[in-house]
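A quick write-up on the structure given underneath.
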Amino acid sequence: MSDEELHIICTDRDGVVHTLPALEGWRIMEIIRDNGLSIKAECGGCLECATCHVYVDGDWVGKLIPKSDEEDEKLDEAFNVKRNSRLSCQILMRDDLNGLQVTLAPETD
Ligand code: FES
């Protein structure tokens with residue numbers, strides 16, 4: 001992978017770290033799902049399910065566009081929510097998020 005290629009780094013529920021190729025404008029949820037990792041994302045990004053829950057690692061939290069009220073409300077319905085919880089369908093990939101690190105939140109059922 002060249003330095004120019006956008007990517008994110010995603011830790012799965014077994015603690016395995018994956019480097020995933022990313023495209024600008026894609027939802028982080030789509031990048032995780034389309035690279036074959038296990039993320040339910042039941043509503044397909046419509047902000048109706050909270051099954052795309054991830055933890056944003058380290059300093060990356062501050063680089064994201066803050067949560068909307070709607071995302072905040074939907075996260076209230078998720079389990080194991082932490083301060084760095086986000087719904088990955090609400091984060092769009094862009095150049096300055098190259099190398100973004102996230103961890104899949106536990107599945108709840
Ligand atoms: Fe349903 Fe993100 S995929 S809220």
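Basis for what follows: all heavy atoms, side chains included, without hydrogens, waters or symmetry-related copies. In each ligand, atom 1 is the first atom listed, and ligand 1 is the first ligand listed.
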In terms of heavy-atom contacts, does CG of Asp59 have more than 12 from other residues, nucleotides or ligands at under 6.0 Å?
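Open: at most 12 neighbouring heavy atoms sit under 6.0 Å from CG of Asp59.
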
Is there side-chain contact between Leu97 and Leu92, with heavy atoms separated by less than 4.5 Å?
no

Taking the side chain as every heavy atom from C-beta outward, state whether Ile9 and Asp57 have any pair of such atoms under 4.5 Å apart.
no

Any donor-acceptor N/O pair, [X] side chain to [Y] backbone, under 3.5 Å:
X	Y	value
Glu71	Leu87	yes
Asp14	Val16	no
Ser88	Cys52	yes

Hey, which protein N/O/S atoms does atom 2 (Fe) of ligand 1 have under 2.8 Å?
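Less than 2.8 Å away from atom 2 (Fe) of ligand 1 sit Cys52 SG, Cys89 SG.
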
